[in-house]
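Beneath this line is the structure, given in structure tokens, with notes to follow.
The structure displayed is predicted, hence computed values, not measured ones. To find a chain, count down the sequence lines: A is the first, B the second, and so on, and within it residues start at 1.
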There are 2 protein chains.
Amino acid sequence: MLKKANSDLVRRQNRGLFLETLRQHGPLARITLGHKTGLSPASITSISAQLIDEGLVYSVGEDEAAAAQLRRGRPLTRLALNPRATNVLAVSISVDSIELVFADFSGATHAPVKLRMDTYDIPKEEFGPRVAHEIKANARKLGIELISISRIGIAVQGVADTITGEISWSPAFRARDIPVVKPLERILGIPCSIGNNANMIAEALIAADRKKYSGNTAVVFLGHGVGLGLILNGVVYGGANGRAGEFGHMNHLPDGPLCRCGRHGCLEAFSADYGIVRMANSGQTHDFDVHAAVRDEDMRGLEQAAEAGDAIAINAFNRAGEVLGFGIARLIALINPQQVVLAGPGTRAYGLMKDSIWEALRRGLVHDLRKYVEFEVVPYGKDMITTGTLVETLRHLDRDVFATGQKSAIVEFAGRKIA
Amino acid sequence: MLKKANSDLVRRQNRGLFLETLRQHGPLARITLGHKTGLSPASITSISAQLIDEGLVYSVGEDEAAAAQLRRGRPLTRLALNPRATNVLAVSISVDSIELVFADFSGATHAPVKLRMDTYDIPKEEFGPRVAHEIKANARKLGIELISISRIGIAVQGVADTITGEISWSPAFRARDIPVVKPLERILGIPCSIGNNANMIAEALIAADRKKYSGNTAVVFLGHGVGLGLILNGVVYGGANGRAGEFGHMNHLPDGPLCRCGRHGCLEAFSADYGIVRMANSGQTHDFDVHAAVRDEDMRGLEQAAEAGDAIAINAFNRAGEVLGFGIARLIALINPQQVVLAGPGTRAYGLMKDSIWEALRRGLVHDLRKYVEFEVVPYGKDMITTGTLVETLRHLDRDVFATGQKSAIVEFAGRKIA
DNA sequence: TGATTTATTTTAGCGTCCAAAAAAATGTTG
DNA sequence: CAACATTTTTTTGGACGCTAAAATAAATCA
């Protein structure tokens with residue numbers, strides 16, 4: 001159903017568009033903003049005057065390069081997002097550590113702060129307060145006032161319930177349903193949201209190449225687990241309560257090998273690192289501890305063995321690829337994406353799995369569907385998760401907080417204005 | 001990325017909202033329209049004056065029931081969609097027949113016209129012209145001028161490419177990539193669109209109970225094949241080119257039994273009618289002709305046998321349910337819908353499959369995901385497909401054609417105006 | 001008949017956009 | 001160096017659509 005439209009909507013949408021355009025392209029002259037947004041010069045003047053008055057945007061000098069090459073006419077003055085307008089924070093939770101990345105409104109980040117934390121055995125009600133404490137301490141260390149932080153985005157591997165703000169299940173915790181958003185909001189007084197790693201990587205991809213990834217794209221994350229971020233109609237899709245994309249726990253083979261989730265035959269039990277290691281050590285299938293984290297050097301060793309021709313190792317990667325291929329085939333049959341992107345540290349072994357992935361796609365997917373899908377492997381950067389989290393958080397500010405142009409939003413979230 | 005907003009957008013959106021509200025609730029007084037849409041009485045007066053002038057809406061008398069119970073004050077005058085504003089047509093294509101349902105702008109339908117047509121062996125370039133011919137002939141028979149038809153919606157079982165407007169693959173045709181939209185548009189001069197049956201059923205469900213189905217719902221269609229309509233964020237999701245929801249050809253078991261699509265182990269090969277029949281006649285697995293249509297009476301016979309305790313028949317339905325259950329488990333893991341709805345003639349045998357469906361869900365899906373999903377079986381009406389097609393077609397008119405309020409749209413599509 | 005009630009229309013004004021004109025700020029040229 | 005050319009930005013004047021409030025319409029009530 002459509003929603004009522006009025007001038008309020010127009011203002012919000014165009015201010016949001018203005019901010020998003022600046023965020024995407026960096027400092028731009030008013031005239032360029034007009035071209036990119038489709039708004040008239042008059043409107044750009046009007047909107048920018050407001051945003052400057054509110055301290056969200058400010059004038060920076062003419063572009064050096066542009067100024068160098070002599071051109072006639074009035075020189076352009078570029079506008080930029082004001083870094084001092086506000087701050088945000090991305091929190092990435094993984095096994096035994098959390099990472100904090102503070103950024104200003106322009107998206108410039110401070111150096112990541114990595115903190116050891118014994119997540120696995122922490123009592124569930126202590127986790128939120130511990131994180132809140134670390135946030136306070138580290139913000140102080142960096143000279144960032146708490147009140148200047150408008151929003152905190154949190155990323156976690158596993159199942160995050162976006163509605164309740166709890167971590168339903170994650171390999172980083174023994175406990176379930178760990179409250180995160182509520183305690184942080186209560187203690188810090190800052191709006192928070194939570195999502196899973198794969199969705200954040202999808203956000204990072206969209207930000208990196210909007211054109212390419214903004215249709216329907218499935219981002220498969222290979223690592224300690226197997227995750228999935230779905231971009232549907234250009235937007236990251238979360239499902240009814242953020243639980244979409246549990247690709248790793250999509251069943252592959254009824255009654256197959258044990259998975260970390262306690263069920264049998266999940267895709268992850270074949271294709272995540274521990275599934276591959278187990279397959280390679282097939283003698284000890286039964287007493288294999290699925291919960292033990294696979295060390296990076298062990299995984300690299302196995303990859304090297306496979307590359308050196310070790311039949312058992314090769315077979316383990318083949319099997320992982322085959323199951324992954326069938327999973328992707330099922331995914332494509334359901335979602336019909338334009339693109340499937342493989343990401344995560346597990347893609348290091350893509351060369352070892354490639355053939356079996358494609359063989360499985362051939363066996364498991366009608367040609368009509370297969371022929372339309374582009375397949376891609378992206379190099380994995382550790383910072384993709386926090387980058388994506390920041391992108392998502394800042395977009396929320398652009399669209400839903402600062403775009404409204406209501407004084408309350410500015411005062412409440414921005415904390416200060418620039419003269 | 002956001003899009004530019006201006007008063008044009010406001011007009012379109014509010015006119016669309018006005019029309020959709022009338023379509024959903026039937027004749028309404030201006031004051032009620034105001035409450036339902038959130039628009040002010042002044043705006044309602046203004047918009048309705050325009051729509052009346054354009055012949056899209058007209059005044060009907062006061063509601064009898066409301067008039068009967070004496071009330072003070074100026075009596076309300078109700079507005080309704082003008083049936084004579086334009087006409088639309090739904091075309092449903094199935095094996096060996098096509099069905100035409102003409103409707104006016106208010107959604108009132110003529111009696112369905114069912115036409116035998118040997119679809120399976122028709123040369124692919126003849127199909128479009130044949131359908132066009134039937135449309136012309138039957139419109140004339142019903143006294144409907146061709147020029148009064150604004151839009152034609154087409155539904156087909158199988159894979160319809162919404163971009164090219166071709167039937168990529170369907171059990172109703174031996175050929176592939178049968179052009180439909182283009183020839184119809186060329187011959188009739190009327191805008192057309194095509195989609196698959198399951199999506200149309202999803203549309204019909206949304207129309208029947210907007211509140212219930214407008215979040216994230218998966219509609220599984222059981223019949224000669226197994227289809228899927230996905231409602232994501234309240235909108236039917238088509239995928240990159242309308243091929244989403246190929247649930248029936250989602251692989252269940254690598255190298256399993258032969259499917260109509262030519263691959264092995266698709267879900268449909270177990271759970272569609274022919275899969276069940278084959279399983280029951282397991283002696284002749286190898287020379288079973290998957291392309292032969294299963295007759296309704298045979299299917300009913302098998303159901304009765306199972307209900308009477310025939311072990312072989314019971315086993316066939318159990319197996320169908322098990323595979324369906326695993327498929328639904330995979331679907332839920334990927335999509336995280338609020339609801340899963342079973343529809344189609346195959347649901348007659350739901351009682352025979354229920355236990356095995358649920359057992360498979362238990363085995364194939366983590367509890368965290370299972371516990372949030374509501375499960376529902378809806379009685380199947382043969383008209384759901386054409387109803388859904390009409391709903392979709394009329395909504396397109398409401399939102400994208402008549403909402404613009406441009407004279408060209410009115411003249412071009414409506415054909416005539418009412419005094 | 002006049003008061004009351006309810007629905008609808010009219011009026012006056014507001015916010016946003018935009019085309020066109022004006023202004024600003026620089027380079028070019030005779 | 002003054003007039004002209006060019007380009008960016010601002011200002012002006014108006015359009016469009018929404019809305020609150022006032023006015024009007026059309027009924028019932030007493």
Side-chain angles (χ1 to χ4, degrees), chain A residues 2-18 27-53 57-63 66-79 403-407, chain B residues 2-18 27-53 57-63 66-79 403-407:
Chain A
L2 293 172
K3 273 215 65 177
K4 179 177 95 164
N6 53 21
S7 63
D8 207 65
L9 174 83
V10 173
R11 174 169 39 76
R12 275 210 315 276
Q13 194 150 319
N14 287 339
R15 282 173 54 116
L17 177 60
F18 190 114
L28 292 176
R30 288 174 176 79
I31 184 108
T32 323
L33 268 164
H35 291 142
K36 300 232 185 256
T37 59
L39 293 165
S40 70
S43 300
I44 295 290
T45 291
S46 155
I47 294 173
S48 57
Q50 290 172 44
L51 293 175
I52 290 170
D53 181 54
V57 161
Y58 71 140
S59 278
V60 296
E62 190 174 357
D63 188 14
Q69 55 169 36
L70 299 179
R71 293 176 328 117
R72 287 158 78 119
R74 176 171 174 172
L76 45 77
T77 54
R78 293 178 311 154
L79 300 175
T404 61
Q406 284 166 6
K407 272 282 174 280
Chain B
L2 294 171
K3 272 215 66 176
K4 180 178 92 164
N6 53 23
S7 64
D8 206 65
L9 174 83
V10 172
R11 174 171 37 78
R12 276 210 314 276
Q13 194 150 319
N14 287 338
R15 283 173 54 119
L17 176 60
F18 189 114
L28 293 177
R30 287 174 177 77
I31 184 110
T32 323
L33 268 163
H35 290 142
K36 299 232 184 256
T37 60
L39 293 165
S40 70
S43 299
I44 295 291
T45 291
S46 156
I47 294 173
S48 57
Q50 291 172 45
L51 294 175
I52 289 170
D53 180 57
V57 161
Y58 71 142
S59 277
V60 296
E62 191 174 358
D63 188 14
Q69 55 169 37
L70 297 180
R71 295 174 328 117
R72 288 160 75 121
R74 175 172 173 173
L76 45 78
T77 53
R78 293 179 310 155
L79 300 174
T404 63
Q406 285 165 5
K407 273 282 174 279

Practice prompt. Scan Pro41(B) against the nucleic acid and name what it touches under 4.0 Å (heavy atoms): base, sugar-phosphate only, or nothing.
Written response: base
Discussion item. Without decimals, in angstroms, what is the distance between Ile44(B) CD1 and dT10(C) P?
Written reply: 15 Å
Discussion item. Both Ser48(A) and Gly73(A) contact DNA chain D. Which one's nearest nucleotide lies toward the 5' end?
Written reply: Gly73(A)
Practice prompt. Just compare dC17(C), dA25(C), dT8(C) and give me whichever is closest to any side-chain atom of Pro75(A).
Written response: dA25(C)
Response to the item:
Which of dG17(D), dC17(C), dT26(C) is nearest the side chain of Asn14(A)? It is dC17(C)
Worksheet item: Rounded to the nearest Å, what distance is computed from the CG atom of residue Leu28(B) to the P atom of nucleotide dA7(C)?
Response: 13 Å
Worksheet item: Whole Å only: how far is the CZ atom of Arg12(B) from the P atom of dC18(D)?
Response: 13 Å
Response to the item:
Picking from dA7(C), dA20(C), dG15(C), the nucleotide nearest the side-chain atoms of Ile31(B) would be dA7(C)
Worksheet item: So, do Asn14(A) and Lys4(B) sit near enough that their side-chain heavy atoms are less than 4.5 Å apart?
Response: yes
Worksheet entry | N/O (side chain, Asn6(A)) to phosphate O (OP1/OP2, dG17(D)) under 4.0 Å | no
Response to the item:
The nucleotide from dC17(C), dC18(D), dT19(D) with an atom nearest the side chain of Ala42(B) is dT19(D)
Discussion item. Rounded to whole Å, how long is the line connecting atom CD1 of Ile47(B) with atom C1' of dC16(D)?
Written reply: 12 Å
Worksheet item: Can you tell me if Thr45(A) uses its side chain to pair, donor with acceptor, with the backbone of Pro41(A) under 3.5 Å?
Response: yes
Worksheet item: Does OP1 or OP2 of dG17(D) have a side-chain N or O of Ser43(B) closer than 4.0 Å?
Response: no
Item to complete: Kindly compute the distance separating CG (Leu51(B)) from CG (Leu79(B)), expressed to the nearest 0.5 Å.
Response: 9.0 Å
Discussion item. Quick check on DNA chain C: between Arg74(A) and Gln50(A), whose nearest nucleotide comes earlier from the 5' end?
Written reply: Gln50(A)
Worksheet item: Looking at Thr77(B), does any N or O in its side chain come under 4.0 Å of the phosphate oxygens OP1/OP2 on dT8(C)?
Response: yes
Discussion item. Does a side-chain N or O of Ser40(B) approach OP1 or OP2 of dT19(D) to a distance below 4.0 Å, or not?
Written reply: yes
Worksheet item: Closest to the Thr45(A) side chain: dT10(D), dT7(D), dT9(C)?
Response: dT10(D)
Discussion item. Without decimals, in angstroms, what is the distance between Arg15(A) CZ and dG15(C) P?
Written reply: 14 Å
Item to complete: Calculate the interatomic distance between Asp53(A) atom CG and dT10(D) atom P; express it in whole Å.
Response: 14 Å
Practice prompt. Could you state the atom-to-atom distance from CZ of Arg11(B) to P of dC18(D) in whole Å?
Written response: 9 Å
Practice prompt. Round to the nearest Å and state the distance from Leu33(A) atom CG to dT8(D) atom P.
Written response: 13 Å
Worksheet item: Among dC18(C), dG15(C), dA25(C), which nucleotide sits nearest the side chain of Ser7(A)?
Response: dG15(C)
Practice prompt. Measure from the side-chain heavy atoms of Leu39(A) and tell me the nearest of dC18(C), dA26(D), dT10(D).
Written response: dC18(C)
Fill in: Arg72(B) (side chain) and dT4(C) (base): donor-acceptor pair under 3.5 Å
yes
Worksheet item: With respect to the phosphate group of dC18(C), does any side-chain polar atom (N or O) of Lys4(B) fall under 4.0 Å of OP1 or OP2?
Response: yes
Worksheet item: With distance as the sole test, does Arg11(A) use its side chain to make a donor-acceptor pair with the main-chain N or O of Thr404(A) at under 3.5 Å?
Response: yes
Fill in: side chain to side chain contact (heavy atoms under 4.5 Å, CB included) partner of Ile44(A), chosen from Leu28(A), Ile31(A), Leu33(A)
Leu33(A)
Discussion item. For a quick test of reading the model: is some side-chain N or O of Arg30(B) closer than 4.0 Å to OP1 or OP2 of dT9(C)?
Written reply: yes
Worksheet, complete the sentence: Value for CZ (Phe18(B)) from CG (Leu39(B)), rounded to nearest 0.5 Å, stands at 9.0 Å
